[in-house]
Amino acid sequence: MEPVSPYAERVLDLVERIPPGRVMAYGDIADYLGEGGPRQVGRVMSTWGGGVPWWRVVHADGTPAPGHERRSLAHWHDEGTPLRGERVDMRLARWDGGSPSANFQESG
DNA sequence: GCAATGACTGGTA
DNA sequence: TTACCAGCCATTG
């Protein structure tokens with residue numbers, strides 16, 4: 001097991017803070033922390049994501065992590081996450097990172 | 001230091 | 001939805 005970097009701890013901590021029924025994109029996490037980028041977040045998840053609700057972390061288009069598509073669907077379905085077919089409805093499920101009330105964005 | 005890789009993202013076709 | 005391209009940045013060899 002590789003040593004957990006301080007950056008990884010921030011990522012994992014944030015992922016654990018994501019409320020059920022909500023999700024965050026890799027880029028959102030990186031932007032929220034203000035460090036690294038979506039690739040770094042993905043690396044953290046791939047290495048230490050096994051100890052956090054990784055299914056709440058998805059791509060910017062709502063697609064789940066590779067190799068866990070079916071697994072994510074099961075969790076989302078169990079948490080009541082707004083789905084869009086086999087993908088998450090980011091416009092509804094995207095978490096602001098501190099505003100659990102800002103679930104619905106300006107939509108037409 | 002350079003080249004390759006990766007659980008990424010946005011735009012275009 | 002899928003495919004291709006350019007940008008992004010840390011890790012690895």
Side-chain angles (χ1 to χ4, degrees):
Chain A
M1 194 57 175
E2 299 180 25
V4 180
S5 67
Y7 175 68
E9 293 217 36
R10 297 188 192 286
V11 174
L12 299 174
D13 182 54
L14 178 58
V15 174
E16 291 204 72
R17 290 171 57 78
I18 300 175
R22 310 297 292 278
V23 301
M24 285 188 79
Y26 296 89
D28 290 339
I29 295 174
D31 185 52
Y32 179 91
L33 298 175
E35 300 179 45
R39 315 304 299 266
Q40 282 54 264
V41 175
R43 203 186 101 80
V44 172
M45 297 303 293
S46 181
T47 309
W48 304 288
V52 299
W54 49 262
W55 57 88
R56 294 178 191 156
V57 183
V58 300
H59 294 241
D61 55 13
T63 46
H68 298 294
E69 295 88 345
R70 304 300 303 176
R71 185 73 71 184
S72 299
L73 268 310
H75 283 291
W76 300 335
H77 205 68
D78 183 53
E79 297 182 351
T81 308
L83 301 179
R84 191 71 170 164
E86 295 184 31
R87 297 182 303 192
V88 176
D89 195 338
M90 293 305 284
R91 41 191 278 146
L92 300 180
R94 179 177 279 189
W95 188 45
D96 185 81
S99 299
S101 299
N103 45 355
F104 294 94
Q105 298 182 0
E106 300 294 336
S107 61

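These figures come from a predicted structure and were not determined experimentally. In what follows, every chain begins at residue 1, and chains take the letters A, B, ... in the order their sequences are listed. Values reported hereafter were calculated over all heavy atoms of this structure, with side chains retained and with hydrogens, waters and symmetry mates removed.
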Residues 79-87 of chain A side chain polar contacts: donor-acceptor under 3.5 Å, at least two apart:
{"from": "A:E79", "atom 1": "OE1", "to": "A:G21", "atom 2": "N", "distance (Å)": "3.3"}
{"from": "A:E79", "atom 1": "OE1", "to": "A:R56", "atom 2": "NE", "distance (Å)": "3.4"}
{"from": "A:E79", "atom 1": "OE2", "to": "A:W55", "atom 2": "NE1", "distance (Å)": "2.9"}
{"from": "A:E79", "atom 1": "OE2", "to": "A:R56", "atom 2": "NE", "distance (Å)": "3.4"}
{"from": "A:E79", "atom 1": "OE2", "to": "A:R56", "atom 2": "NH2", "distance (Å)": "2.8"}

For residues 8-17 of chain A, dump all side-chain donor-acceptor pairs below 3.5 Å to protein atoms at least two apart in sequence or in another chain.
none

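The minimum heavy-atom distance between A:W54 and A:G49, with the atom names listed, is CD1-O, 3.3 Å. Residues A:W48 and A:S5 come closest through the heavy atom pair CH2-N, 4.2 Å. Pairing each heavy atom of A:P64 with each of A:W76, the nearest pair is CB-CH2, 3.4 Å.
Pairs engaging residues 27-42 of chain A under the side chain to side chain donor-acceptor pair (under 3.5 Å) rule: A:D28-A:R94 [sequence neighbours left out]. Judged as a side chain to side chain donor-acceptor pair (under 3.5 Å), the pairs with a partner in residues 63-72 of chain A (not counting sequence neighbours) are, in order, A:D61-A:T63.
Of all nucleotides in DNA chain B having an atom under 4.0 Å from a heavy atom of chain A, the first and last in 5' to 3' order are B:dG6 to B:dG10.
Taken residue by residue, residues 69-81 of chain A places no heavy atom nearer than 4.0 Å to DNA chain B. Proximity of residues 55-67 of chain A to DNA chain B (heavy atom under 4.0 angstrom from any strand atom) is restricted to A:H59, A:A60, A:A65, A:P66. Within residues 26-40 of chain A, the residues approached by DNA chain B to less than 4.0 Å at the level of any non-hydrogen atom are A:Y26, A:G27, A:P38, A:R39, A:Q40, in residue-number order.
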Set out, line by line, the N/O atom pairs under 3.5 Å between protein and nucleotides 1-4 of chain C.
{"from": "C:dT1", "atom 1": "OP1", "to": "A:R87", "atom 2": "NH2", "distance (Å)": "2.9"}
{"from": "C:dT1", "atom 1": "OP2", "to": "A:R87", "atom 2": "NE", "distance (Å)": "3.1"}
{"from": "C:dT1", "atom 1": "OP2", "to": "A:R87", "atom 2": "NH1", "distance (Å)": "2.9"}
{"from": "C:dT1", "atom 1": "OP2", "to": "A:R87", "atom 2": "NH2", "distance (Å)": "2.6"}

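A:S46 places no side-chain N or O within 3.5 Å of a backbone atom of A:G42 that could act as its donor or acceptor partner.
Straight-line distance between the P atoms of B:dA7 and C:dA6: roughly 22 Å, to the nearest whole Å.
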